[in-house]
Amino acid sequence: MSDKRQRARIQGSWAKPLPKSSTQKVGVLNNQPKHANTTTSGQWGFGNEKTSKTFEFHQPAKPVKEVSPERVIEHLGDYEISLGPSGVSRLRLRPGFLTPEEADWMFSKLLAELPWSQKTNYRLGEAYEEPRLSCWYGELPYTYARSTMAANTQWHPLLVALRETVEQASGCTFNSLLCNLYRDGHDSIGWHSDDEASLGPKPTVASLSLGDTRVFSLRKKPP
């Protein structure tokens with residue numbers, strides 16, 4: 001390594017001491033006045049100097065961020081769950097959308113017959129396995145977390161029937177489906193926005209849960 005590079009590397013023991021100058025002391029800037037105190041402990045001007053008053057913490061008059069109170073929604077109905085400046089957020093909850101017998105049969109069939117696989121995502125340049133299994137249906141590929149699921153137009157017949165039932169109940173149409181399988185209490189999905197460009201500017205999302213019950217959490221994104 002050249003002498004110039006050695007001097008430029010200042011981390012740990014790589015740095016090579018600079019030659020002492022007769023006109024400069026270590027820790028004193030070149031343009032420091034002659035009368036500056038260079039004998040105090042510490043080289044940043046603190047030393048034993050006394051400040052005029054000690055620091056006192058005062059609670060801010062207003063909270064840094066106002067957090068809406070948590071709500072638990074369990075009953076059938078249409079809800080306006082947020083009226084923030086970025087727009088109204090609406091939720092339509094339909095408990096018991098399928099009978100228990102229908103739901104159990106569909107869950108068993110989809111569990112056995114869908115092409116489940118574990119997707120690899122990337123965060124901060126490092127790969128990690130999603131803590132769940134999934135499969136994608138749609139005419140377009142689906143990309144999130146820097147990983148893409150290929151387009152798949154071969155919908156399972158049961159999924160086609162479920163999509164039509166959901167469309168009739170909601171009055172909306174749906175062109176894609178992401179199936180997630182949570183194998184046990186350790187599997188999960190993190191906070192996400194469903195705001196990928198391929199889903200459109202204001203997508204309507206229908207979530208149908210089969211199997212065990214779980215908490216479905218929602219929170220408002222800032223403007």
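These figures come from a predicted structure and were not determined experimentally. Positions are given from 1 along the sequence.
How far CZ of R132 is from OG of S188: 7.0 Å, rounded to the nearest 0.5 Å. The CG atom of L218 sits 9.5 Å away from the OG atom of S207 when rounded to the nearest 0.5 Å. Distance check: D194 CG to L178 CG gives 8.5 Å after rounding to the nearest 0.5 Å. D78 contributes atom CG, which lies 8.5 Å from atom CG of L91 (distance to the nearest 0.5 angstrom). Atom CE of M149 and atom NZ of K119 lie 6.5 Å apart (nearest 0.5 Å). In this structure, the separation between CH2 on W191 and CZ on R219 is 5.0 Å, given to the nearest 0.5 Å.
The neighbour count for Y122 OH, taken as heavy atoms of other residues, nucleotides or ligands under 6.0 Å away, does not exceed 12. Counting heavy-atom neighbours within 6.0 Å of R214 CZ, excluding the residue itself, gives a total above 12. In this structure, E70 places its CD atom where only 12 or fewer heavy-atom neighbours from other residues, nucleotides or ligands lie under 6.0 Å away.
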Subject >> CA sep, side-chain torsions, deciding dist, call: V166, F97, side chain to side chain contact (heavy atoms under 4.5 Å, CB included) >> reply: CA-CA 9 Å; V166 172; F97 184 72; 4.0 Å; yes

Original post:
Are L133 and D187 close enough, and set up right, to give a side chain to side chain contact (heavy atoms under 4.5 Å, CB included), and what steps lead you there?
Top reply: CA-CA 9 Å; L133 304 184; D187 277 1; 5.6 Å; no

**OP:** Give the intermediate values and the outcome of side chain to side chain contact (heavy atoms under 4.5 Å, CB included) for residues L158 and W105.
**Re:** CA-CA 11 Å; L158 179 53; W105 175 78; 4.1 Å; yes

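At a threshold of 4.5 Å between non-hydrogen side-chain atoms, the residues R163 and L177 do not count as touching.
Residue V205 comes nearest to F174 through the heavy atom pair C-CE2, 4.5 Å, listed as atom of the first residue, atom of the second, then distance. A pairwise comparison of heavy atoms in M106 and L162 identifies SD-CD2, 3.6 Å as the closest pair. The nearest pair of heavy atoms linking I81 to R71 is CA-NH1, 3.7 Å.
Among residues two or more places apart in sequence or in another chain, the salt bridge (charged side-chain N to carboxylate O under 4.0 Å, His left out) test is passed with D195 by K221. By the side-chain hydrogen bond (donor to acceptor under 3.5 Å, both in side chains) test, N175 pairs with no residue at all, sequence neighbours left out. By the ring pair (Phe, Tyr, Trp, His ring centres under 6.0 Å) test, Y137 is found to be paired with W155, residues two or more places apart in sequence or in another chain being considered.
Linking ILVMFWY side-chain heavy atoms closer than 4.5 Å, directly or via other members, places L199 and L159 in two distinct hydrophobic clusters.
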